[in-house]
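A quick write-up on the structure given underneath.
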Amino acid sequence: MTSKTILITGATDGIGLETARLLVADGHRVLVHGRSAAKLEAVREELPEGPGVVETFRADLARLDEVEALARAVAAAHTRLDVLINNAGVLRTDTPTAPDGRDVRFIVNTIAPYLLTRRLLPRMGPTGRVVNLSSAAQAPVDLGALTGPASMEAMAAYSQSKLAITAWSRELAQSLGPDGPVVVSVNPGSLLASKMVREGFGIAGNDIGIGARILVRAATDDAFASASGAYFDNDAGAFADPHPDALDPKKGAALMKVLDSLVV
């Protein structure tokens with residue numbers, strides 16, 4: 001297998017960390033993103049280099065200026081990026097509202113990955129891949145929550161943000177066409193043993209390796225090389241249709257208009 005350079009956001013614990021562990025073991029250069037410098041240092045010490053290589057990058061994805069800085073840092077360090085795994089996500093948090101009044105779930109789960117992807121596309125060729133973490137939880141999107149203050153229950157915001165990332169994955173894939181990187185969205189599996197599930201639902205959760213293994217496949221397997229714009233539902237173990245709103249071209253166009261206005 002040819003070694004790839006792979007950036008994983010939110011990879012200091014949970015599915016992201018386990019995915020990084022598997023990819024390093026397979027010999028890839030893994031760029032681990034996290035919000036905490038201490039956790040990034042712990043990951044660097046935990047993940048053995050050889051056959052793969054580990055690099056770390058710190059940024060708070062709830063701050064779009066730090067997302068911009070993350071993109072610049074990655075681009076400065078690497079002339080080529082083979083895979084971007086937008087794994088970082090928020091469900092419940094003690095600070096659900098950003099300083100500008102917007103819901104943090106929409107910023108971290110939808111806007112930040114879109115901004116990061118847009119900024120790093122010049123480093124990705126036609127064989128590159130963008131793997132976006134979706135969820136079985138998807139709900140119609142209030143576009144106003146992307147641009148202005150919103151008061152929303154955690155699961156409602158999370159479900160809307162996950163439908164939004166699923167929809168923009170499809171729309172971006174269509175706009176890039178055959179000459180752009182593959183863009184896919186993946187539900188890694190419901191109620192896996194992550195910090196998000198423990199804090200959000202109060203349960204231990206299922207084997208986190210279920211999610212990590214499908215992300216490794218999405219990043220490296222030939223089955224995903226011709227799947228741009230598709231949604232993979234790991235609960236079903238197959239490509240499937242997401243929520244109908246994610247397939248609606250008018251709603252998709254409206255979402256992209258809002259996102260593009262935010263990442264100029």
Side-chain angles (χ1 to χ4, degrees), residues 6 8-10 14-16 18-19 22-23 83-91 105-106 109-110 113-114 117 127-142 155-178 180-194 196-197 200-201 203 205-256 259:
I6 303 172
I8 311 175
T9 66
I15 297 172
E18 183 60 24
T19 302
L22 295 176
L23 288 168
V83 184
L84 166 59
I85 303 178
N86 284 309
N87 166 74
V90 177
L91 171 55
R105 266 75 55 142
F106 285 95
N109 300 353
T110 303
Y114 185 71
T117 299
T127 60
R129 298 187 191 183
V130 178
V131 180
N132 287 330
L133 267 288
S134 182
S135 170
Q138 299 175 24
V141 181
D142 174 6
M155 196 64 200
Y158 179 81
S159 299
Q160 291 188 37
S161 69
K162 288 301 182 180
L163 188 148
I165 196 171
T166 305
W168 79 242
S169 300
R170 178 180 173 85
E171 294 293 323
L172 181 59
Q174 291 177 344
S175 68
L176 293 173
V182 168
V183 184
V184 296
S185 56
V186 177
N187 165 29
S190 295
L191 300 177
L192 302 181
S194 65
M196 180 186 295
V197 166
F201 300 96
I203 60 175
N206 301 317
D207 175 18
I208 206 162
I210 294 169
R213 287 189 292 272
I214 191 57
L215 294 187
V216 170
R217 282 186 56 202
T220 63
D221 196 287
D222 288 344
F224 285 80
S226 58
S228 197
Y231 166 71
F232 190 91
D233 181 3
N234 205 30
D235 288 331
F239 290 101
D241 284 341
H243 188 287
D245 276 20
L247 304 175
D248 186 314
K250 290 184 178 179
K251 291 182 178 180
L255 172 65
M256 295 301 281
L259 287 173

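Reckoned from all heavy atoms, side chains included, excluding hydrogens, waters and symmetry mates. Position 1 is the first residue of the sequence; numbering continues from there.
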Kindly indicate whether the side chain of [X], heavy atoms from C-beta on, has any atom under 4.5 Å from the side chain of [Y].
X	Y	answer
Met155	Leu91	yes
Leu176	Pro181	yes
Thr117	Leu84	yes
Val131	Leu215	yes

Checklist entry - Does the pair Thr220 and Leu23 meet the rule for a side chain to side chain contact (heavy atoms under 4.5 Å, CB included), with working shown? => result CA-CA 9 Å; Thr220 63; Leu23 288 168; 4.2 Å; yes
Just how far is it from atom [atom1] of [X] to atom [atom2] of [Y], taken to the nearest 0.5 Å?
X	Y	atom1	atom2	result
Glu18	Asn87	CD	CG	12.0 Å
Thr9	Leu133	OG1	CG	7.5 Å
Glu171	Leu259	CD	CG	10.5 Å
Ser134	Asn86	OG	CG	12.0 Å
Met256	Arg170	CE	CZ	12.5 Å
Thr19	Arg217	OG1	CZ	13.5 Å

State, to 0.1 Å, how close [X] and [Y] come at their nearest heavy-atom pair, and which atoms those are.
X	Y	value
Asn234	Pro188	ND2-O, 2.9 Å
Phe224	Val182	O-CG1, 3.4 Å
His243	Pro140	NE2-CD, 3.7 Å
Trp168	Leu255	N-CD2, 4.0 Å
Ala246	Pro242	CB-CG, 3.7 Å
Ala230	Phe239	CB-CD2, 3.7 Å

Checklist entry - Is there a donor-acceptor pair closer than 3.5 Å between any side-chain N or O of Gln174 and the backbone N or O of Gly229? => result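 No: the side chain of Gln174 does not pair with the backbone of Gly229.
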Item to check | Thr110 side-chain N/O to Ser161 backbone N/O, donor-acceptor pair under 3.5 Å | outcome: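 Here the side-chain-to-backbone pair exists.
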Checklist entry - Residues in side chain to side chain donor-acceptor pair (under 3.5 Å) with Ser175, at least two apart? => result none
